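Below you'll find the structure, written out as structure tokens, and then a few comments.
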Number of protein chains: 2
Amino acid sequence: MQKVTMADVAKLANVSKSTVSQYLNKRYEYMSEETRRRIAGAIEQLQYRPNVIARSLKQKSTATIGVIVFNILHMLTTQVLRAIEDMCQQHDFHVIVCNTDDDPEKEKKYIDMLWAKQVDGFIIFPTGKNVDLYKRMIEARLPVVFVDRTVEGIDVDAVLLDNERAVQLGMHYLIEQGYKHIGLVAPPFAPHVIPRTERINAFRYALREANLPIKEEWIITEQVKHISGRLDALLQRNKLPEAIFAINDLTLMEVLTFVKRRQLTIPHDIALISIDDVPFASIYTPSLTTIAQPAFEMGEKATERLFMQMGGEISPQMFRLAPKLIERDSAKKRGDKGE
Amino acid sequence: MQKVTMADVAKLANVSKSTVSQYLNKRYEYMSEETRRRIAGAIEQLQYRPNVIARSLKQKSTATIGVIVFNILHMLTTQVLRAIEDMCQQHDFHVIVCNTDDDPEKEKKYIDMLWAKQVDGFIIFPTGKNVDLYKRMIEARLPVVFVDRTVEGIDVDAVLLDNERAVQLGMHYLIEQGYKHIGLVAPPFAPHVIPRTERINAFRYALREANLPIKEEWIITEQVKHISGRLDALLQRNKLPEAIFAINDLTLMEVLTFVKRRQLTIPHDIALISIDDVPFASIYTPSLTTIAQPAFEMGEKATERLFMQMGGEISPQMFRLAPKLIERDSAKKRGDKGE
DNA sequence: TTGTATGCGTTATCAA
DNA sequence: TTGATAACGCATACAA
């Protein structure tokens with residue numbers, strides 16, 4: 001395996017270890033051309049590779065950050081991750097990726113292990129359930145940025161979508177298009193899941209603000225697999241809303257499943273708008289009007305803040321990034337359908 | 001930051017560093033109940049966390065692997081990665097993820113840096129252009145597994161889709177359904193891109209085998225953004241094939257774009273089958289017949305092999321994982337449409 | 001311009 | 001049952 005060390009290089013080049021070290025750290029200033037060449041030669045000949053671990057031990061920095069997410073399979077996560085990795089690449093940093101599946105136990109284990117591994121910082125999609133641990137991290141002055149969720153009582157940088165704004169954008173659009181009976185589909189309500197909570201609340205708020213009826217049976221917060229069943233039930237009783245707001249890609253898929261099964265026409269039978277600009281939005285028929293999350297910006301902002309923290313104390317801040325409405329055809333103005 | 005070390009614990013517990021070390025490594029055998037308790041107490045009180053970096057230096061193992069991919073945004077990659085991370089989690093290993101964008105320079109840099117960082121192994125989607133470096137890795141006995149591509153002259157574990165089989169599955173199906181005029185869409189031919197090459201070759205082979213005409217104008221290997229234009233041209237000249245085989249998700253999207261723009265009907269105007277089971281395959285209308293890659297199995301197999309290599313010398317092997325045809329509606333038997 | 005000595009936080013060997 | 005001491009591979013202050 002890796003056997004050749006600085007000492008070997010030094011010996012072959014007939015200099016001391018320190019000189020080699022100097023050379024490696026590009027402190028050429030007081031080094032003779034001759035020595036430099038000899039060292040370069042020795043390194044080349046021995047195929048020497050500095051052991052970064054040893055250096056890290058000395059310098060207390062690993063040039064590695066830990067990114068802890070729920071599930072790398074989620075599109076948003078993947079995109080955020082890509083942005084993080086891109087920025088780290090520019091700084092010669094590496095990224096360790098961990099999936100928690102939103103399980104606090106796994107999260108704790110990962111944080112502990114990465115901490116022990118001396119990573120220089122953390123970007124976390126927090127489960128929100130390890131409050132004590134988060135606090136200890138802050139106390140220890142570990143650079144930390146939360147993404148997607150905040151945690152009550154934890155004063156730390158956080159980068160989130162402006163969920164209120166996202167819902168508002170969608171709702172204003174629907175209302176503008178003349179829809180009055182609007183429903184929502186979401187996974188089950190869970191207070192610590194900030195985006196979900198904020199979106200559901202904003203939905204109610206938007207209806208109230210527009211003086212539109214809030215019908216509880218149209219606010220479907222249900223396990224994803226049961227959503228299309230709930231819609232079926234409404235259809236059977238002829239109680240479907242005119243339009244549906246899907247709060248994320250998963251729920252959108254369920255609505256589309258339902259629509260396909262019942263052979264409904266969008267937007268005639270039911271209009272549709274969703275958060276998350278799914279990749280097939282433009283090729284679906286009709287093309288889907290969506291509210292896109294600025295995933296890359298989120299990743300960039302999070303990384304930027306992390307590097308700022310690593311550079312020195314800064315006071316924690318919360319960033320709300322702006323969503324963008326992408327108008328297509330799935331929520332166009334109603335035709336002359338009655339009701 | 002991290003200040004408390006083993007020495008601090010030792011002092012507080014009134015024992016020596018070595019004893020603390022013993023304790024941490026669960027070598028309790030010859031340790032008095034009393035000391036054990038004192039050490040546990042001290043650790044708790046000081047919130048001591050062992051420095052894994054120091055340990056790594058001593059033990060020459062970092063419990064970390066490097067995974068180098070083209071682009072984490074590709075669905076296949078994400079899935080493979082998730083499988084890798086899951087398996088690593090079970091072994092208390094961590095995963096460093098790197099994106100090369102298929103750029104050999106970036107690949108080289110990443111390999112060098114991760115090597116210097118003493119990762120215990122590599123799983124690589126190789127660009128194929130750093131042959132010397134790959135060779136040096138093998139010589140140094142670094143555990144390495146290639147995924148998705150092999151590289152000529154490099155004798156190393158590799159996990160790939162059985163591309164021939166994938167195309168065969170699809171072509172047999174199309175032919176069985178009565179299609180005779182079959183086209184293919186793919187990104188530009190590039191010999192080192194193994195899956196693409198194998199798929200294109202297998203396509204030609206399947207036609208020949210079935211005694212069907214090979215029309216070069218139906219074999220579209222073109223930059224993705226130009227594909228739908230090429231299809232347009234065919235349509236205008238009334239030369240569209242009856243069915244199209246899209247060799248991956250990207251090209252599939254282009255075909256769907258074309259189909260939507262031209263308002264064609266699938267499979268009546270044109271039948272469609274593709275490799276990559278895109279997430280919307282079942283909700284699209286008509287639902288899409290696809291050939292799914294066993295992404296998770298690929299990740300698992302790659303990781304399994306990597307751990308085997310880390311466990312001791314094994315001789316390199318190539319694994320071809322089986323694709324799976326998922327029959328839906330986009331390539332169903334032709335109706336009675338004339339030719 | 002280069003070398004010596006020391007320390008980073010562990011683990012391992014060997015005494016005690 | 002526990003402790004002293006020497007590595008691990010590199011960086012750095014200071015000396016030469």
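To find a chain, count down the sequence lines: A is the first, B the second, and so on, and within it residues start at 1. Bear in mind the structure is a predicted one, so any value in this text is a computation, not a measurement.
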Please confirm whether the shortest side-chain N or O distance from [X] to OP1 or OP2 of [N] is below 4.0 Å.
X       : N      : answer
B:Thr5  : C:dG9  : no
B:Tyr23 : C:dT11 : no
A:Asn51 : D:dC8  : no
B:Ser18 : C:dA12 : no

Nearest-Å distance for atom pair [atom1]/[atom2], residues [X] and [N]:
X       : N      : atom1 : atom2 : value
B:Leu57 : C:dA12 : CG    : C1'   : 14 Å
A:Lys11 : C:dT2  : NZ    : P     : 20 Å
A:Lys60 : D:dA11 : NZ    : C1'   : 12 Å
B:Glu34 : D:dT1  : CD    : C1'   : 13 Å
A:Arg37 : C:dT1  : CZ    : P     : 15 Å
A:Met6  : D:dC8  : CE    : P     : 14 Å

>> Parallel, tilted or perpendicular, judged at 30° and 60°: which one describes the rings of B:Phe307 and B:Phe93?
In response: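 Rings of B:Phe307 and B:Phe93: perpendicular, over 60°.
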>> Regarding C:dT4, can its base be found pairing with the side chain of A:Lys17 as donor and acceptor, where the two atoms are less than 3.5 Å apart?
In response: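 No pair found.
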> Less than 3.5 Å between a donor and an acceptor, one on the side chain of B:Lys58 and one on the base of C:dG9, is that the case here?
Replying inline: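 In this structure, the two groups form no donor-acceptor pair.
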> Does a side chain donor of either A:Asn71 or B:Arg82 reach within less than 3.5 Å of an acceptor in the other side chain?
Replying inline: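 Their side chains do contain a donor-acceptor pair, which is all the 3.5 Å distance test asks for.
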>> For B:Asp102 and B:Thr127: C-alpha separation, side-chain torsions, deciding distance, then whether side-chain hydrogen bond (donor to acceptor under 3.5 Å, both in side chains) applies.
In response: CA-CA 5 Å; B:Asp102 212 353; B:Thr127 64; 5.0 Å; no
